[in-house]
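Predicted, not measured: the structure shown is a model, and the values here were computed from it.
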Amino acid sequence: MSEPNTLLLTVLLKHHPGLTLDDVQQRMKAADWWEQFPPEGVRVVSWTVAMGLGQVLTLELPPDKLPLLNVELERRAWGVFTTECYPTYDFVPVRERIRERVRNGGQ
């Protein structure tokens, strides 16, 4: 569950074509990725690998940390990954409300 006054952001990291695993790991180490990402004040909610797609991160952060997160992605991920970012929300409570409404004859 998200904290009040925070947002969820799903970040898709796709490896650049042509980079080997050794290339990726070397560049991530050089960018200090493992120590510096995510930046302070940003919480990792989930971090998964989707084979053939890349890494999928869901991050929770206060809106005022969004510029910092963007800079850290530019600083640490570019050259290793292409990035896509999507505002995200937890659909489970919405699904439950819809399900209950449908059970009660609504749409």
Side-chain angles (χ1 to χ4, degrees):
M1 189 78 162
S2 294
E3 294 294 321
N5 302 315
T6 61
L7 61 94
L8 293 175
L9 186 72
T10 296
V11 179
L12 180 57
L13 303 174
K14 296 180 184 179
H15 293 122
H16 282 293
L19 292 181
T20 66
L21 180 58
D22 288 341
D23 294 333
V24 169
Q25 290 177 344
Q26 181 181 24
R27 290 177 184 212
M28 291 174 78
K29 182 178 178 181
D32 205 18
W33 173 262
W34 300 112
E35 294 298 323
Q36 300 299 321
F37 190 86
E40 190 172 329
V42 176
R43 183 176 77 87
V44 174
V45 175
S46 67
W47 194 324
T48 58
V49 172
M51 291 173 53
L53 181 62
Q55 298 181 32
V56 182
L57 293 70
T58 301
L59 306 173
E60 180 182 57
L61 60 148
D64 66 340
K65 295 287 185 183
L66 189 59
L68 173 63
L69 178 65
N70 181 58
V71 168
E72 288 304 310
L73 283 169
E74 291 173 353
R75 181 176 288 137
R76 310 216 182 268
W78 286 12
V80 180
F81 303 103
T82 59
T83 59
E84 297 176 22
C85 298
Y86 302 96
T88 309
Y89 63 94
D90 182 2
F91 189 71
V92 171
V94 176
R95 179 197 180 277
E96 292 305 314
R97 286 194 306 270
I98 294 170
R99 183 177 176 202
E100 190 62 31
R101 186 177 66 225
V102 169
R103 283 181 173 169
N104 291 324
Q107 291 187 18

* Dump the intermediate steps for salt bridge (Lys or Arg N to Asp or Glu O under 4.0 Å) on Glu100 and Arg97, then the final yes or no. => CA-CA 5 Å; Glu100 190 62 31; Arg97 286 194 306 270; over 6 Å; no
* Asked: Roughly how far apart are Arg43 CZ and Thr58 OG1, rounded to 0.5 Å?
  -> 10.0 Å
* To do: Looking only at non-hydrogen atoms, find the nearest pair between Leu9 and Thr88 and report the distance.
  => C-OG1, 3.8 Å
* Pick one: which of Leu53, Leu57, Thr83 meets side chain to side chain contact (heavy atoms under 4.5 Å, CB included) with Leu12? -> Leu53
* Glu96 atom CD, over 12 foreign heavy atoms within 6.0 Å -> yes
* **Heavy-atom closest contact (Val11 atom, Cys85 atom, distance)** => CG2-SG, 4.0 Å
* To do: Quick one: closest heavy-atom pair of Glu60 and Val45, and the distance?
  => CB-CG2, 3.8 Å
* **Residues that His15 engages under ring-ring contact (aromatic ring centres under 6.0 Å, His included), provided they are two or more places apart** => Phe81
* Asked: Given the rule that I, L, V, M, F, W and Y join up when any side-chain heavy atoms are under 4.5 Å apart, are Leu19 and Val49 in one cluster?
  -> no
* Is Trp47 reachable from Met28 through a run of I, L, V, M, F, W or Y residues, each pair having side-chain heavy atoms under 4.5 Å apart? -> yes
* **ILVMFWY cluster, Leu68 and Leu8 together (side-chain gap under 4.5 Å)** => no
* **Closest non-hydrogen atom pair between Pro62 and Gly41, with its separation** => CD-O, 3.4 Å
* Asked: Sequence neighbours excluded, which residues qualify as side-chain contact (heavy atoms from CB on, under 4.5 Å) partners of Arg76?
  -> Ala31, Asp32, Trp33, Gln36, Glu72
* **Co-membership, hydrophobic cluster, residues Val44 and Val42, 4.5 Å side-chain** => yes
* Asked: Measuring from Trp78:CH2 to His16:NE2, what's the distance to the nearest 0.5 Å?
  -> 9.5 Å
* Asked: Mind checking whether Leu13 and Leu21 sit in one hydrophobic cluster, side chains of I, L, V, M, F, W, Y counted as touching below 4.5 Å?
  -> no
* Asked: Got a second to check how far Phe91's CZ is from Ile98's CD1, nearest 0.5 Å?
  -> 4.5 Å
* To do: Could you check Thr6 against Leu61 for side-chain contact (heavy atoms from CB on, under 4.5 Å), going step by step and ending with a plain yes or no?
  => CA-CA 5 Å; Thr6 61; Leu61 60 148; over 6 Å; no
* Asked: Going from CD on Gln25 to OG1 on Thr20, what distance comes out if it is rounded to the nearest 0.5 angstrom?
  -> 8.5 Å
* Asked: Does the side chain of Phe37 come within less than 4.5 Å of Leu69's, by heavy atoms?
  -> yes
